Chemist: 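Before I ask anything, let me first share the structure, which is written out below as structure tokens.
Just so we're on the same page: letters track the sequence lines, and every chain starts at 1. What you see is a predicted model, and the numbers here were worked out from it, not measured in a lab.
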Amino acid sequence: MKNTTSSLETQLSAWCAETFAVCFPDADLAAIPLAVIPSKNEQFGDCQCEAAMKLAKELKTNPRAVAQKFIESAVLPDFVEKIEIAGPGFINIWLKTTALAGQLEAMQADKKLGLPNLGNSRTVIIDYSSPNVAKPMHIGHIRSTVIGNALDRLYRALGYNVIADNHLGDWGTQFGLIILGYREFADQDALKTAPVEELERIYVKSYNLSKEDETWRDRAKAELVKLQKGDTENLALWKSFIELTLSEFNRIYKRLDVSFDLYRGESFYNDQLAGTVDLLKAKGLASESDGALVCDLEADGLNVAIVRKSDGGYNYTSTDIATVVSRTEEFHPAEIIYVTDERQQLHFKQFFHICKKIGVPTKLTHVWFGLMRLPEATFSTREGNVIKLEALLNEAEARALEVVKASSPNMDDAKQKEIARAVGIGAIKYTDLSQNPQSLVTFTWEKALAMDGNSAPYLQYAYARIASVRDKYAAQFPGINPDEFPIILTEEQERRLALKLIRFPAAVETAAKLHRPSVMADYLFDLSQAYSSFYQNVPFLKADEGPRESRIRLCALTATILKKGLALLGIETPERI
RNA sequence: GCUCCGGUAGCUCAGCUGGACAGAGCAACGGUUUCCUAAACCGUAGGUCGCGGGUUCAAAUCCCGCCCGGGGUACCA
């Protein structure tokens, strides 16, 4: 009856549901959450069930009486030590320590660490990062990239076929301005040393000119029209802008260990725009208004969405609809997830709504996050207070290098740098991933580059210490295989650690389901705290044979889960830091 | 005006599909290195969960109103 591949808590939830069904055959249990959840306070057991109180409300009776009836007719599963009623009607559950140990051994034997195959090879497209061509990435761009990439990794781990698509902003009116500006005042030297910065300078200057000078504006428009009609020269220039930009972006992506399956920018869908808008008209969803073609969504509380501008051009709404239609036909995804900042919420609501009306079957999800701001102001190119993404990464590595040099002065330079890279980049990523994405985020160097406390280096440090233990054990006890000894949990720190370890699959699942990598980060921090406490307070290399091997196994499993969990966030785990 | 977020310890943030005395990190204070990496551990101190009502056995969490901060609100994406 005991199924060690599914978690003890999953089994308990099923058991509670069954028992309630037996005790209260007439109650409508479907509406009541019967799941068993981890206890917040260990004095109340390992896990608890709150269903008695919910059910009592449903039945309009005393919650303690409900819990009492449950407990009287309950046949405890063999892995449960005891259950108790407490407070207003909590059912507190204590697991048998031997069962906990058994679950750990099962996890250790399972290559997937107990992760369920939720995706079953269904396709999910994740549209993230998506920067604009000819604009450098600044620290505002890191959130979409890092959060999107973590979701990518989480979904893959759960058996989904993920297509990561970088939907570049590579088409639009700005290219007329850039082409004209390029012809008139491009600095070829600057284009070689800092291409994207120079392209941005050209764009900004040209844009400002267009606001003051009508002739300039007309000339830019003419260049745009030429580009759109396929003029060879302009097309070549446009392509070179994309290549220049991508070569720089790819350098950043490489540093961040982020990769995409597709780089389909907006231009990819260009020749499908007219057809898409025709479809909207044919379905009676779009109508003329002030010269533009619009979808009136007032009735649904979503204002009005323009799908074709009065000058005949298309905009992001039409492009995004065409993109969904195209992706749906080509890949038949179960879901498309977009990761962008909060400013685009209305846009996504509008175009999701339109997609539904034209019969797109795909589940569309907008994962949005709060804008990054400085303590004193919002970022703005005009204010000149933007922090370039590369500068941030450089600073992170530099600060990490200082710490490495201080703590490992005898290590050779190359090794120090390699560790500083992994630690610095990890710290940056973790800062973004560990917060509720929807909070307002205030950027401070102190927080972004935190190297202690709740930070990536704290987790990496825990991992590195285990790696060291592993090596020392192998050196001191050659020929002994710890896996031939059973896991036995005697110390309270061991038991606490065990309870964290078995919850790994649930953490991954929740993080993916809620589209929140912060759930994973929280879990890993919790786990590391439990491990650090164990490490500090329980001896292992100096323990007797038996407990020693059991503890080495606990270390090994913790290391495996830390490594896997951090990998799901795109964070490296050096063997030594 | 309408609308979407945020307002929790000195600072930065968790918790928010209601649950048991509100959690962590940083900063502060006090301990722990003949011992497995002190980027660590153990402890002390620190909070009217923006304000006011309401629903409930139970509200930081749900509902209503208000205040403060940020975003969006037809031809930029």
Chemist: For G19(B), is there a stacking contact with Phe90(A), counting only centres under 5.5 Å and planes under 30°?
Modeler: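 Aromatic stack with G19(B) absent for Phe90(A).
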Chemist: Gln48(A) or Asp290(A): which one's nearest nucleotide on RNA chain B is closer to the 5' end?
Modeler: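 Between the two, 5'-proximity favours Gln48(A).
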Chemist: Students often get this wrong, so: under 4.0 angstrom with heavy atoms, is Glu575(A) touching a base, only sugar-phosphate, or nothing?
Modeler: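 It contacts base atoms.
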Chemist: Return the nearest nucleotide to the side chain of Asn92(A); candidates are A74(B), A20(B), G71(B).
Modeler: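 Looking only at side-chain atoms, Asn92(A) lies closest to A20(B).
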Chemist: Could you tell me which nucleotide pairs with U44(B) by Watson-Crick or G-U wobble geometry, both distances under 3.5 Å, or answer none if nothing does?
Modeler: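 Checking every strand shown, U44(B) finds its partner in A28(B), with both distances under 3.5 Å.
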Chemist: Got Ser528(A) and Leu562(A) here, is their nearest side-chain heavy-atom distance under 4.5 Å?
Modeler: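 A side-chain contact exists here, since the closest heavy-atom pair is under 4.5 Å.
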Chemist: Applying the 5.5 Å / 30° rule, does Tyr535(A) stack onto the base of C41(B)?
Modeler: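 No, aromatic ring not over the base.
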Chemist: Any N or O donor-acceptor pair under 3.5 Å from the base of A22(B) to the side chain of Asn41(A)?
Modeler: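 Result: no qualifying N/O pair found.
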Chemist: Roughly how far apart are Leu180(A) CG and Ile202(A) CD1, rounded to 0.5 Å?
Modeler: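 Spacing of CG (Leu180(A)) from CD1 (Ile202(A)) equals 10.5 Å.
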Chemist: Regarding Gln174(A), tell me which of base, sugar-phosphate or nothing describes its non-hydrogen contacts under 4.0 Å with the strands shown.
Modeler: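 Here Gln174(A) touches no strand at all.
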Chemist: Both Gln43(A) and Phe540(A) contact RNA chain B. Which one's nearest nucleotide lies toward the 5' end?
Modeler: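 Whichever sits nearer the 5' end wins; that is Gln43(A).
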Chemist: Only pairs with both distances under 3.5 Å count, Watson-Crick or wobble alike; so what is the partner of U33(B) in this structure?
Modeler: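 Base-paired to nothing in any strand shown.
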Chemist: Going 5' to 3' through nucleotides 5-18 of chain B, assign each nucleotide B (protein heavy atom under 4.0 Å from a base atom), S (under 4.0 Å only from sugar-phosphate atoms) or - (no protein heavy atom that close).
Modeler: S------SSSS--B
Chemist: Please classify the nucleic acid contact of Arg576(A) as base, sugar-phosphate, or nothing, using heavy-atom distances under 4.0 Å.
Modeler: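 Counting heavy atoms under 4.0 Å across all strands, the contact made by Arg576(A) includes a base.
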Chemist: Would you please confirm or rule out a distance under 4.0 Å between OP1 or OP2 of C76(B) and any side-chain N or O of Tyr203(A)?
Modeler: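 Answer no for this pair, as no side-chain N or O of Tyr203(A) is under 4.0 Å from OP1 or OP2.
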Chemist: With both distances kept under 3.5 Å, what pairs with G23(B), Watson-Crick or G-U wobble?
Modeler: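 With both distances under 3.5 Å, G23(B) matches C13(B).
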Chemist: Parallel under 30°, tilted from 30 to 60°, perpendicular over 60°: which one fits the rings of Tyr531(A) and Phe534(A)?
Modeler: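 Perpendicular: the ring planes of Tyr531(A) and Phe534(A) meet at over 60°.
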Chemist: NA contact type, Ser533(A), heavy-atom cut-off 4.0 Å: base, sugar-phosphate, or nothing?
Modeler: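 Sugar-phosphate, no base atom in range.
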Chemist: When we call it a touch if two heavy atoms are under 4.0 Å apart, what does Pro63(A) touch: a base, just sugar-phosphate, or nothing?
Modeler: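 The answer is nothing, as Pro63(A) stays clear of every strand by at least 4.0 Å.
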Chemist: Contact class for Val294(A) (heavy atom, under 4.0 Å): base, sugar-phosphate, or nothing?
Modeler: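 If one applies the 4.0 Å heavy-atom cut-off, Val294(A) turns out to touch a base.
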Chemist: Could you measure between the two P atoms, the one in U48(B) and the one in G52(B), and give it in whole Å?
Modeler: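 So the two P atoms sit 12 Å from each other.
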Chemist: Do Val339(A) and Asp127(A) have side chains that get closer than 4.5 Å, going by heavy atoms?
Modeler: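 Not in contact.
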Chemist: Does U55(B) have a Watson-Crick or wobble mate here (both distances under 3.5 Å), and if so which one?
Modeler: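 No nucleotide pairs with U55(B).
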Chemist: What contact category does Asn537(A) fall into here, base, sugar-phosphate, or nothing, at under 4.0 angstrom with non-hydrogen atoms?
Modeler: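 Asn537(A): backbone/sugar contact only, no base atoms under 4.0 Å.
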Chemist: Expressed in whole Å, how much space separates the P atoms belonging to G7(B) and G15(B)?
Modeler: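 The same atom, P, in both gives a distance of 10 Å.
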Chemist: I need the CG-C1' distance between Asp311(A) and C76(B), as an integer number of Å.
Modeler: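 Whole-Å distance recorded here is 12 Å.
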Chemist: Determine the Euclidean distance between corresponding P atoms of U17(B) and U12(B); express it in Å to zero decimal places.
Modeler: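 Result for the P pair: 25 Å, nearest Å.
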Chemist: Can a donor-acceptor pair under 3.5 Å be found between the side-chain atoms of Gln460(A) and the base atoms of A39(B)?
Modeler: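 In this structure, the two groups form no donor-acceptor pair.
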Chemist: If the cut-off is 4.0 Å, is Arg343(A) near the phosphate of C4(B), judged by side-chain N/O to OP1 or OP2?
Modeler: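 Checking C4(B) against Arg343(A), no side-chain N or O comes under 4.0 Å of OP1 or OP2.
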Chemist: Report yes or no: do Thr490(A) and Glu494(A) form a side-chain donor-acceptor pair below 3.5 Å?
Modeler: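 Result is yes, a qualifying pair exists.
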Chemist: According to the Watson-Crick and G-U wobble definitions, with both distances under 3.5 Å, which nucleotide is paired to G69(B)?
Modeler: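 Paired with G69(B), as far as the under-3.5 Å criterion goes, is C5(B).
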Chemist: Would you give the length of the straight line joining atom CG of Leu273(A) to atom CG of Asn315(A), rounded to the nearest 0.5 angstrom?
Modeler: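 Reported value, rounded in 0.5 Å steps: 9.0 Å.
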Chemist: Taking only side-chain nitrogens and oxygens of Lys349(A), does any of them come within less than 4.0 Å of OP1 or OP2 of U3(B)?
Modeler: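 Negative; the distance criterion is not met.
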Chemist: Does Gln536(A) put a side-chain nitrogen or oxygen below 4.0 Å from OP1 or OP2 of U37(B)?
Modeler: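 No, outside the criterion.
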Chemist: Just checking Ile577(A): base, sugar-phosphate only, or nothing, at a heavy-atom cut-off of under 4.0 Å?
Modeler: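 Base contact.
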Chemist: Pairing donors with acceptors under 3.5 angstrom, does anything connect the side chains of Asn166(A) and Ser129(A)?
Modeler: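 No pair is found: no donor N or O on one side chain lies under 3.5 Å from an acceptor on the other.
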Chemist: Roughly how many Å apart are G18(B) and A59(B), using the P atom of each and rounding to a whole number?
Modeler: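 Nearest-Å result for A59(B) against G18(B) at atom P: 13 Å.
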Chemist: So, applying ring pair (Phe, Tyr, Trp, His ring centres under 6.0 Å) with His167(A), which one of Tyr269(A), Tyr128(A), Tyr316(A) is it?
Modeler: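 So, applying the ring pair (Phe, Tyr, Trp, His ring centres under 6.0 Å) to His167(A) and each of Tyr269(A), Tyr128(A), Tyr316(A), only Tyr269(A) qualifies.
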Chemist: May I have the distance from Leu346(A) (atom CG) to U3(B) (atom P), rounded to whole angstrom?
Modeler: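 From Leu346(A) CG to U3(B) P: 13 Å.
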Chemist: At their closest point, which heavy atom of Pro574(A) faces which heavy atom of Tyr463(A), and how far apart are they?
Modeler: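 Heavy atoms only, the tightest pair is O-CD2, 3.4 Å.
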Chemist: Quick one: does Tyr461(A) reach the base of A39(B) with a side-chain donor-acceptor pair under 3.5 Å?
Modeler: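 Absent.
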Chemist: Would you please classify the geometry between the Trp238(A) ring and the Trp171(A) ring as parallel, tilted or perpendicular, with 30° and 60° separating the classes?
Modeler: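 Rings of Trp171(A) and Trp238(A): perpendicular, as their planes differ by over 60°.
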Chemist: Name the closest nucleotide to the Gln344(A) side chain, picking from U37(B), G25(B), A77(B).
Modeler: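 Nearest nucleotide to the side chain: A77(B).
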